[in-house]
K.L.:
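Okay, here's the structure, questions in a sec.
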Amino acid sequence: MNIFENYLKSILENINHHYKELGINKIENYKGINLEKPPPNFDCDISSNVVLILAKQNKCNPITLGKNIKKLLEKNIKDFKDIEIAGPGFLNITLKNDAITLIINNILKKNEKFGSQKDSKNYNIEFVSANPTGPMHVGHCRGAVFGDTLSNLLKFNGNKVTKEYYINDYGGQITNFLKSVYLRIREIKYNEKFPNDKSLYPGEYIIEIADSIQKKRKSEFKNFDDEYEFLQLEALNLSMKMIKSDLSMLGISHDNFVSEKSVVESKTLDKAINLLKKTNYVDEGYLDPPKGEEIKNWKKTKRLLFKSTLFGDDSDRALQKNDGSWTYFANDIAYHFNKVSRNYDKLINILGADHTGYIKRIESAVKALSQNKIILECKVCQLVKLFKKGEPFKMSKRSGEFISVNDLLSEVNKDSIRFMMLNRSNDVELDFDFDKVLEKSKDNPVYYVQYCHARIQSLLRSTNNTSLKQKIVKIDKDFNKYEREILRKIFEWPKVVKISSLKYEPHRIPFYLYELATLFHSYWSKGNEDEKYKFIKNGKIANNILTIISLLLLVLKNGMGILNVSLPDKM
RNA sequence: GCGCCCUUAGCUCAGUUGGAUAGAGCAUCGGUUUUCUAAACCGAGGGUCGUAGGUUCGAAUCCUUCAGGGCGCGCCA
């Protein structure tokens, strides 16, 4: 039910049926022709640039062509009440009341499907994938909320989505983490001082993990290597438990957890590398040291490389380390080979800004692994900058000074966090001011949207109105200008959903909902100035307003549903 | 040195895959409540869309140049 698409179709059909009379060629190239909501200062329902595009294609005067097309469409499309030619040649279309009534009824019939795009792809979205070396911090939060909301959005459109978490439970960082736990256990048991070593994790939570493990295992903890396997099992388990609990408090749950360790231990890597060797994407070679910071133990020796320069990357990428063991990237290729073999139509990875440099090679790898059949698209969330009392607040995992999601959630609710994290394009840095979020003031846009819902519920309560489930709406009289503005905004909803999912930009949804709420609050307040705009008269709500309210509730529910932000009845 | 992202009102940011007079919030100033929720509304001021070119009926949007800011550039994960 996208009125813009529907009417665009009939307009173009009409023009193509009568192109000779219009003195133009049949339309072959539709690029750029569109229908949209007119700018606020034009009082009409739809506006289109068809004439401008066609005049260009046919090298004729837009105004003359416009007049002819206007005549044609007014005659042939019965939903159009009136067409005006404005500016350089825009068609500004006003719809008949009957047409509007029909559209509204169609929307109400669609109900929770209103705006859905009828896609049916099978997506895999990998997001969060935070190292299991500690709890989630605020920085992880953005990617988490982004990935989850994008998943909801794609599901809303009828796609199948697998939300995936890749557990980096392998490699040096994990050893350092386990060693830290081990040393904390020694600290607890033998009062040994925890060493001041940069490679270790000093955080407070390590002590908790250590304590819980040493209580569970009867052992002297005399040798790190002897305890390794047990520590690995237990400590990683505890870490993941913390992370999952944090995610769940944010309303996020993944469908699939894939462990790097299990990928490494499987034969996937051999298969993937063999395939890439056969297709000539992997070969032995030498690499020059990188241009940035100098690396001490660089050894220019022959090793297996992935030829990502074939895809436009700056350099080929090493698959083997000095000692011949596989690099992180090699393991990641195996993991993505595993993803490719699971037959998704599209893979999406949500990354933090610090991993931008990694995108080219992994996207290239997926192309190579799937013979260009499957596309991996990486979406980057820029940094979250933390502020406390207007002062920048630095945090680092190394020093253990960071604000965990858990700390945050003990003070701010999930709704505010989610809305705040999404109320900005993923391409720009996000200032996250604790004091502002904690204030629960009207500065916080989530309250503004929620309040819109609460006000509507309050209206319905005070008129004992429970019959909002009406299937067919009858319009008693013309909608007033405020109502028409709200209607036009509501008609725009499918387009917002479409663009958001097309570009993987869920932030458009909170912005849209905010604007919608503004129109409602504004209309509501008209009753303060003028009795005739009061919603409740003689204890009843007029049919037109009831209609508007039904539509608003529908869109609020669908929109906030995608964001997974609640809509309280009372505030 | 290279790659990616950003540069729009005093501040923080939207901007519909090229459209009409570039929009919000915050801040500033002024106004609205015997009332369906003031967590709200209305009004005012505030702009060389970083710079310089180009593409065309038309550019904040596309291309190129330069400048400024951020992130990254491992044979770490």
Side-chain angles (χ1 to χ4, degrees), chain A residues 4 32 34 36-42 47 49 52-53 55-56 62 86-90 92 131 133 168 170-174 176 260 287 289-293 295 297-301 303 312-315 317-325 327-329 331-332 352-360 380 382-383 385 423-431 433 436 440-445 447-448 450-452 454-455 457-459 461-463 492 495-496 498-500 502-503 507-508 511 514-515 518 520-529 531 534-537 539 541 570-571:
Chain A
F4 300 104
N34 58 32
E36 54 195 4
K37 184 173 172 285
N41 39 326
F42 291 93
S47 112
N49 63 351
L52 288 165
I53 303 277
K56 187 180 192 175
F90 287 95
N92 284 345
N131 285 351
T133 52
N168 297 127
Y170 186 85
Q173 299 274 27
I174 293 299
N176 291 341
E260 181 180 0
L287 282 182
K291 290 272 159 53
E293 208 176 313
I295 291 144
N297 39 3
W298 185 271
K299 279 186 186 158
K300 195 168 177 177
T301 55
R303 66 190 74 212
D313 200 0
D314 305 336
S315 154
R317 302 296 172 176
L319 296 171
Q320 292 172 307
K321 302 183 197 171
N322 278 336
D323 60 3
S325 64
T327 59
Y328 174 84
F329 178 49
N331 291 340
D332 215 15
D354 49 342
H355 290 101
T356 333
Y358 194 71
I359 294 175
K360 197 76 198 178
V380 173
Q382 292 298 324
L383 289 182
K385 283 192 289 185
N423 204 25
R424 193 118 310 176
S425 154
N426 60 288
D427 275 335
V428 305
E429 294 182 349
L430 181 132
D431 293 349
D433 195 311
K436 250 187 192 164
K440 290 192 180 178
S441 75
K442 60 190 167 184
D443 287 2
N444 198 334
Y447 291 110
Y448 188 81
Q450 289 179 322
Y451 186 46
C452 174
R455 270 186 155 170
Q457 292 303 335
S458 157
L459 270 180
R461 273 196 303 273
S462 57
T463 53
E492 220 187 336
K495 203 169 181 172
V496 173
K498 186 179 175 181
I499 292 163
S500 306
L502 203 70
K503 299 181 144 191
H507 73 273
R508 290 167 189 272
F511 277 101
Y514 189 92
E515 287 162 13
T518 302
F520 173 77
H521 288 310
S522 172
Y523 183 27
W524 169 287
S525 303
K526 288 293 173 293
N528 292 340
E529 298 155 24
E531 279 292 318
K534 279 222 187 300
F535 288 10
I536 297 178
K537 282 168 200 151
I541 306 179
K570 279 183 185 173
M571 285 174 79

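In what follows, every chain begins at residue 1, and chains take the letters A, B, ... in the order their sequences are listed.
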K.L.:
Heavy atoms under 4.0 Å is the rule here; annotate nucleotides 14-22 of chain B 5' to 3' with B where the base is hit, S where only the sugar-phosphate is, and - elsewhere.
P.N.:
SSBS-BBB-

K.L.:
Is the shortest side-chain N/O distance from A:Ser522 to OP1 or OP2 of B:rC42 below 4.0 Å?
P.N.:
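Yes.
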
K.L.:
Listed by chain and number, what are the side-chain contact (heavy atoms from CB on, under 4.5 Å) partners of A:Asn34, not counting sequence neighbours?
P.N.:
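Here the qualifying residues are A:Glu36, A:Asn49.
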
K.L.:
Hey, does the side chain of A:Asp431 reach the backbone of A:Lys385 with a donor-acceptor pair shorter than 3.5 angstrom?
P.N.:
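Not a single qualifying donor-acceptor pair exists.
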
K.L.:
Output one letter per nucleotide in nucleotides 27-33 of chain B: B when a protein non-hydrogen atom lies under 4.0 Å from the base, S when only the sugar-phosphate is that close, - when neither is.
P.N.:
-------

K.L.:
For the pair made of CZ in A:Phe520 and P in B:rA39, what is the distance, rounded to whole Å?
P.N.:
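Spelled out: CZ on A:Phe520 to P on B:rA39 is 14 Å.
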
K.L.:
Kindly give the heavy-atom pair with the smallest separation between A:Asn322 and A:Arg303, and that separation in Å.
P.N.:
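Looks like OD1-NH2, 3.1 Å.
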
K.L.:
Expressed as a whole number of angstroms, how long is the span from A:Asp433:CG to B:rC11:C1'?
P.N.:
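Rounding to the nearest Å, CG of A:Asp433 and C1' of B:rC11 are 13 Å apart.
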
K.L.:
Are A:Tyr358 and A:Asp332 linked by a side-chain donor-acceptor pair shorter than 3.5 Å?
P.N.:
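Yes, side-chain donor-acceptor contact under 3.5 Å.
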
K.L.:
How is A:Gly527 classified with respect to the nucleic acid when contacts are heavy atoms under 4.0 Å: base, sugar-phosphate, or nothing?
P.N.:
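Since a base atom lies under 4.0 Å of A:Gly527, the category is base.
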
K.L.:
Mapping A:Asn168 and A:Ile536 to their closest nucleotides on RNA chain B, which lands nearer the 5' end?
P.N.:
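Nearest-nucleotide comparison on RNA chain B picks A:Ile536.
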
K.L.:
Which part of the nucleic acid, if any, lies within contact of A:Lys570, taking any heavy atom under 4.0 Å across all strands shown: a base, the sugar-phosphate backbone alone, or nothing?
P.N.:
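Base contact.
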
K.L.:
I need the CG-P distance between A:Leu319 and B:rC76, as an integer number of Å.
P.N.:
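Checked: the CG to P distance equals 13 Å.
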
K.L.:
On a whole-Å scale, what distance lies between the C1' atoms belonging to B:rG58 and B:rC4?
P.N.:
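31 Å, rounded to whole Å.
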
K.L.:
Provide the distance between the two P atoms, one in B:rU56 and one in B:rU61, to the nearest whole Å.
P.N.:
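After rounding to an integer number of Å, I get 16 Å for this pair.
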
K.L.:
Do the side chain of A:Ser522 and the main chain of A:Thr518 share a donor and acceptor less than 3.5 angstrom apart?
P.N.:
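Between the backbone of A:Thr518 and the side chain of A:Ser522 there is no qualifying donor-acceptor contact (under 3.5 Å).
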
K.L.:
B:rU28 and B:rG45: how far apart are their C1' atoms, nearest whole angstrom?
P.N.:
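The answer is 9 Å between these two C1' atoms.
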
K.L.:
Would you mind telling me which of B:rG74, B:rC2, B:rA40 lies closest to the side-chain atoms of A:Trp298?
P.N.:
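Closest of the options to the side chain of A:Trp298: B:rG74.
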
K.L.:
Under 4.5 Å between any side-chain heavy atoms of A:Pro290 and A:Trp298, yes or no?
P.N.:
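Sidechains of A:Trp298 and A:Pro290: in contact.
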
K.L.:
For nucleotides B:rC26 and B:rG43, find the distance between their P atoms and express it as a whole number of Å.
P.N.:
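14 Å, rounded to whole Å.
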
K.L.:
Applying a 4.0 Å non-hydrogen cut-off, can you work out what A:Lys360 is touching in the nucleic acid: base, sugar-phosphate, or nothing?
P.N.:
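Nothing: the residue A:Lys360, judged by heavy atoms under 4.0 Å, touches no strand.
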
K.L.:
Could you list the residues that satisfy side-chain contact (heavy atoms from CB on, under 4.5 Å) with A:Asp323, not counting sequence neighbours?
P.N.:
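A:Asp323 satisfies side-chain contact (heavy atoms from CB on, under 4.5 Å) with A:Lys321, A:Ser325 once adjacent residues are dropped.
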
K.L.:
Write down the distance between NZ (A:Lys291) and C1' (B:rG72), rounded to a whole number of angstrom.
P.N.:
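Nearest whole value for this atom pair: 16 Å.
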
K.L.:
Distance check: side-chain N/O of A:Trp524 vs OP1/OP2 of B:rU35, anything under 4.0 Å?
P.N.:
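For B:rU35, neither OP1 nor OP2 has a side-chain N or O of A:Trp524 closer than 4.0 Å.
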
K.L.:
Should stems be defined as at least three consecutive Watson-Crick or G-U pairs with both distances under 3.5 angstrom, which of them involve RNA chain B?
P.N.:
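Listed by first number, the stems are B:1-7 with B:67-73, B:10-13 with B:23-26, B:28-32 with B:40-44, B:52-54 with B:62-64.
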
K.L.:
Please state how far atom CG in A:Leu383 lies from atom C1' in B:rG69, giving the value in whole angstrom units.
P.N.:
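Whole-Å distance recorded here is 13 Å.
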
K.L.:
B:rG70, B:rC71, B:rC75: which one has an atom nearest the side-chain heavy atoms of A:Leu287?
P.N.:
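The answer is B:rC75.
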
K.L.:
In whole angstrom, what separates A:Gln382's CD from B:rC4's C1'?
P.N.:
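Computing the A:Gln382:CD to B:rC4:C1' distance gives 8 Å.
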
K.L.:
Should the heavy atoms of other residues, nucleotides or ligands under 6.0 Å from NZ of A:Lys537 be counted, would the total exceed 12?
P.N.:
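Counting neighbours around NZ of A:Lys537, more than 12 heavy atoms of other residues, nucleotides or ligands fall under 6.0 Å, so yes.
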
K.L.:
Please assess A:Arg508 against A:Lys503 for the test side chain to side chain contact (heavy atoms under 4.5 Å, CB included), listing each intermediate value before the final yes or no.
P.N.:
CA-CA 10 Å; A:Arg508 290 167 189 272; A:Lys503 299 181 144 191; 3.7 Å; yes

K.L.:
If we take the C1' atom in both B:rU8 and B:rA14, what is their distance in whole Å?
P.N.:
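Their C1' atoms lie roughly 10 Å apart.
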
K.L.:
Go nucleotide by nucleotide along RNA chain B from the 5' end; which of A:Tyr328 and A:Ala353 gets its closest nucleotide reached first?
P.N.:
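The residue whose closest nucleotide sits nearer the 5' end is A:Ala353.
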
K.L.:
When we call it a touch if two heavy atoms are under 4.0 Å apart, what does A:Lys321 touch: a base, just sugar-phosphate, or nothing?
P.N.:
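Sugar-phosphate only.
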
K.L.:
With A:His355, which residues qualify under ring-ring contact (aromatic ring centres under 6.0 Å, His included), at least two apart?
P.N.:
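Scan of A:His355 (ring-ring contact (aromatic ring centres under 6.0 Å, His included), adjacent residues dropped) gives none.
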
K.L.:
Between B:rA24 and A:Tyr448, is there an OP1 or OP2 to side-chain N/O distance shorter than 4.0 Å?
P.N.:
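Indeed not, no polar side-chain atom of A:Tyr448 lies that close.
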
K.L.:
Take atom P in B:rA27 and the same atom in B:rA39, then report the distance between them in whole Å.
P.N.:
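Approximately 16 Å lies between the P atom of B:rA27 and that of B:rA39.
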
K.L.:
Using the P atom as the reference point in each nucleotide, state the distance between B:rG50 and B:rA9 in Å, no decimals.
P.N.:
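8 Å, rounded to whole Å.
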
K.L.:
Counting any heavy atom closer than 4.0 Å, what does A:Thr327 reach on the DNA or RNA strands: base, sugar-phosphate only, or nothing?
P.N.:
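Contact class for A:Thr327: sugar-phosphate only.
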
K.L.:
With a non-hydrogen cut-off below 4.0 angstrom, is A:Ala454 in contact with a base, only sugar-phosphate, or nothing?
P.N.:
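Contact class for A:Ala454: base.
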
K.L.:
How far does CD of A:Gln457 sit from OG of A:Ser462, to the nearest 0.5 angstrom?
P.N.:
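Between A:Gln457 CD and A:Ser462 OG, I get 11.0 Å after rounding to 0.5 Å.
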
K.L.:
From CZ of A:Phe535 over to C1' of B:rC36, roughly how many Å is that when rounded to an integer?
P.N.:
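Rounded to the whole Å, the gap is 8 Å.
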
K.L.:
Counting only side-chain N and O atoms of A:Arg317, is one of them less than 4.0 Å from OP1 or OP2 of B:rC75?
P.N.:
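For B:rC75, neither OP1 nor OP2 has a side-chain N or O of A:Arg317 closer than 4.0 Å.
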
K.L.:
Atom CG in A:Leu430, atom CZ in A:Arg424: separation rounded to 0.5 Å?
P.N.:
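The CG atom of A:Leu430 sits 6.0 Å away from the CZ atom of A:Arg424.
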
K.L.:
Using whole Å, what does the distance between atom P of nucleotide B:rC5 and atom NZ of A:Lys385 come to?
P.N.:
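In whole Å, B:rC5 P lies 18 Å from A:Lys385 NZ.
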
K.L.:
Between A:Asn168, A:Ile174, A:Asn176, which is the residue that forms a side-chain contact (heavy atoms from CB on, under 4.5 Å) with A:Thr133?
P.N.:
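The side-chain contact (heavy atoms from CB on, under 4.5 Å) with A:Thr133 is passed solely by A:Ile174 among A:Asn168, A:Ile174, A:Asn176.
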
K.L.:
Is the distance from the ring center of A:Phe535 to that of A:Tyr523 below 6.0 Å?
P.N.:
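Between A:Phe535 and A:Tyr523, the centre distance is under 6.0 Å.
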
K.L.:
Please report the distance separating the C1' of B:rC63 from the corresponding atom of B:rG25, rounded so that it comes out in whole Å.
P.N.:
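Each nucleotide's C1' atom is 34 Å from the other's.
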
